[in-house]
Amino acid sequence: MSHSNYDSARAEYAERGVDAEAALRVAAATAISLPCWQGDDVGGFEGVAGSLAEGGLQVTGSHPGRARSAAELRSDFEQASRVIPSRRLRLNLHAMYGEFPTDRPVDRSRLLPSHFSGWMDWARARGFGLDFNPTLFAHPLAADGFTLSHRDPKIRQFWIDHTAASRRVGAALGAAQGSPAITNVWIPDGCKDTPADRKGPRERLITALDEAFREALDPAGVRDAVEGKLFGLGSESYVVGSHEFYCGYAISRQKLLCLDLGHFHPTESVADKISSLMPFVPGVLLHLSRGVRWDSDHVVLLDDPTRAVLDEVVRGGYLDRTWIGLDYFDASINRVAAWVIGARNTLKALLAALLQPAEELKRREEAGDATGRLACLEDAKTLPLGAVWAELCRRAEAPGDGRWLSEIETYERQVLAKRR
């Protein structure tokens, strides 16, 4: 698409009171964090991936080319970054992705920043950011479905120590890169069938979280987040860390609250929750994902839920208190392409939100003009987003739509297909 197409689009937006240049600047300055686990099917580098019997996560598909080492995962991410029009990309690491000694296992409760020094060196050299997560699954001590809320105090303490160690790793990542590493706590704790005691595990979880968060760490290096879920495999009837639980915890402890689009009932609007939460929490961490029936982790599309969430963030002026991450894993398609598709769709949705005629919409709403508001919203859907998106790609020196896939296909033939 030629630059003249952008000039025309910019003029059309200007007629609606929208500054396309300002939208491009904000989109280019917004960081997007991609899930490392998309690249290797949530296996990690501890030696052997935890089985489903040990609380491992179920990944479907067998597309060739799974990353088998940190070096391969980094190579794959670099390839993805070349076709994503952002210079603010981050990689979200789980604790199981450290680079550990080959001669002895590392106890998760004794995790050290040195186990991630290779990641820090790589990110600094390439200009990427890093975020972090304790890994409270895929482990023998998670086999019965409980971790931080476990009734056994020794097992519970193990996971408290792991979470505290992970926060220290996050702080080291943040100090090395000069921006906070968002360190997000998600636990699988829950019951397949109806429990007799819903109160006890939640009381234990509150105490465990308080202990894990006790160490005061510089918020310039690490920001703590907590993430709830509606249900999961093995926790269909009861989730200890529900959305309501973590709302109360995040508000009372002033933590970031993670909203994962795949962790709610399909009829719930995550977008509607944002303005209800923002007056009470320091900020939100978005895990953009796509739920399909019972499964929560499909590649992000440019769909209504994604656009609605980013519309709300932009309209509410919350972008400076919102951290945008992706959360999915799909082994049925090219894993690098899955990163790219999700990231490009996220950036498109953000740009679309920034290009909405927000002032006109608010003006009509304040005047009680519901007809004009609806007409304006619908007319905005055919404004020339594509031309502005193409300009974002051009300025970021990334291929536009219809041109990036060939690069990934070449990488698949030359690199991924040779992995066995």
Side-chain angles (χ1 to χ4, degrees), residues 42 50-59 94-96 108-109 133-164 166 184-214 224-253 255-268 270 273 276-277 280-281 287 289 291-297 327:
V42 206
S51 67
L52 292 177
E54 294 178 344
L57 302 190
Q58 184 175 15
V59 181
H94 249 285
M96 65 199 300
R108 285 191 192 172
S109 65
N133 312 260
T135 304
L136 292 102
F137 56 85
H139 191 279
L141 294 184
D144 65 356
F146 287 87
T147 59
L148 287 176
S149 69
H150 206 286
R151 63 175 60 87
D152 184 331
K154 292 181 179 178
I155 295 177
R156 193 164 65 249
Q157 189 62 50
F158 173 87
W159 292 114
I160 291 169
D161 292 343
H162 171 63
T163 304
S166 295
N184 181 51
V185 177
W186 172 82
I187 64 173
D189 299 34
C191 293
K192 182 178 180 66
D193 215 334
T194 305
D197 178 15
R198 295 175 181 269
K199 177 184 175 183
R202 286 177 172 146
E203 290 182 332
R204 292 193 291 269
L205 179 54
I206 292 169
T207 302
L209 287 169
D210 285 348
E211 187 174 343
F213 290 137
R214 179 171 295 131
D224 298 310
V226 289
E227 176 182 2
K229 193 167 185 176
L230 178 64
F231 79 96
L233 287 177
S235 59
E236 290 87 349
S237 296
Y238 169 62
V239 171
V240 181
S242 65
H243 174 63
E244 293 77 11
F245 175 91
Y246 280 125
C247 276
Y249 191 86
I251 291 168
S252 62
R253 272 62 170 181
K255 303 296 183 185
L256 302 181
L257 183 63
C258 178
L259 300 175
D260 186 308
L261 268 68
H263 286 188
F264 295 90
H265 191 279
T267 62
E268 285 188 271
V270 176
K273 301 178 187 300
S276 296
L277 292 167
F280 307 107
V281 296
H287 272 190
S289 188
V292 177
R293 299 186 186 276
W294 58 268
D295 190 22
S296 65
D297 294 294
D327 184 3

Peer 1: Rounded at 0.5 Å granularity, tell me how far CH2 in W186 sits from CG in L136.
Peer 2: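 Result: 8.5 Å between the selected atoms.
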Peer 1: Taking the six-membered ring for Trp, are H243 and F264 parallel (under 30°), tilted (30 to 60°) or perpendicular (over 60°)?
Peer 2: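 It falls in the perpendicular class, over 60°.
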Peer 1: Quick one: pull up OG in S166 and NE2 in H94 and give me the separation to the nearest 0.5 Å.
Peer 2: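 So the OG of S166 and the NE2 of H94 are separated by 9.5 Å.
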Peer 1: For a side-chain contact (heavy atoms from CB on, under 4.5 Å) check, start with the C-alpha distance between Y246 and L209, then their side-chain angles and the critical distance, and finish with the verdict.
Peer 2: CA-CA 11 Å; Y246 280 125; L209 287 169; 3.8 Å; yes
Peer 1: Report the distance from atom CH2 of W159 to atom NE2 of H139, rounding to the nearest 0.5 Å.
Peer 2: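 If we round to the nearest 0.5 Å, W159:CH2 and H139:NE2 are 5.0 Å apart.
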Peer 1: With no hydrogens and no angle check, is any side-chain donor or acceptor of D189 less than 3.5 Å from a backbone partner on V240?
Peer 2: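 The answer is no, because no donor-acceptor pair under 3.5 Å joins these two groups.
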Peer 1: I need the S252 OG to I206 CD1 distance, nearest 0.5 Å.
Peer 2: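 It comes to 7.5 Å.
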Peer 1: E203: which residues meet the side chain to side chain contact (heavy atoms under 4.5 Å, CB included) condition with it, sequence neighbours left out?
Peer 2: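 E203 satisfies side chain to side chain contact (heavy atoms under 4.5 Å, CB included) with K199 once adjacent residues are dropped.
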Peer 1: Starting from the C-alpha separation in whole Å, work towards a yes-or-no answer on side-chain contact (heavy atoms from CB on, under 4.5 Å) for I187 and L205.
Peer 2: CA-CA 10 Å; I187 64 173; L205 179 54; 3.7 Å; yes
Peer 1: Could you tell me the separation between the OG1 atom of T163 and the CZ atom of F213, rounded to the nearest 0.5 Å?
Peer 2: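 The CZ atom of F213 is 7.5 Å from OG1 of T163, to the nearest 0.5 Å.
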Peer 1: I need the K154 NZ to L141 CG distance, nearest 0.5 Å.
Peer 2: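 Nearest 0.5 Å value for the NZ-CG distance: 12.0 Å.
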Peer 1: Crowded around R151 CZ? As in, over 12 foreign heavy atoms under 6.0 Å?
Peer 2: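 At most 12 heavy atoms, drawn from other residues, nucleotides or ligands, come within 6.0 Å of this atom.
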Peer 1: Checking H287 against H263 for the side-chain contact (heavy atoms from CB on, under 4.5 Å) test, could you report, in this order, the C-alpha distance in whole Å, the side-chain angles of both residues, the deciding distance, and whether it holds?
Peer 2: CA-CA 9 Å; H287 272 190; H263 286 188; over 6 Å; no
Peer 1: Taking the inter-plane angle between the rings of Y249 and F245 on a 0 to 90° scale, is it parallel (under 30°), tilted (30 to 60°) or perpendicular (over 60°)?
Peer 2: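 Correct class here is parallel.
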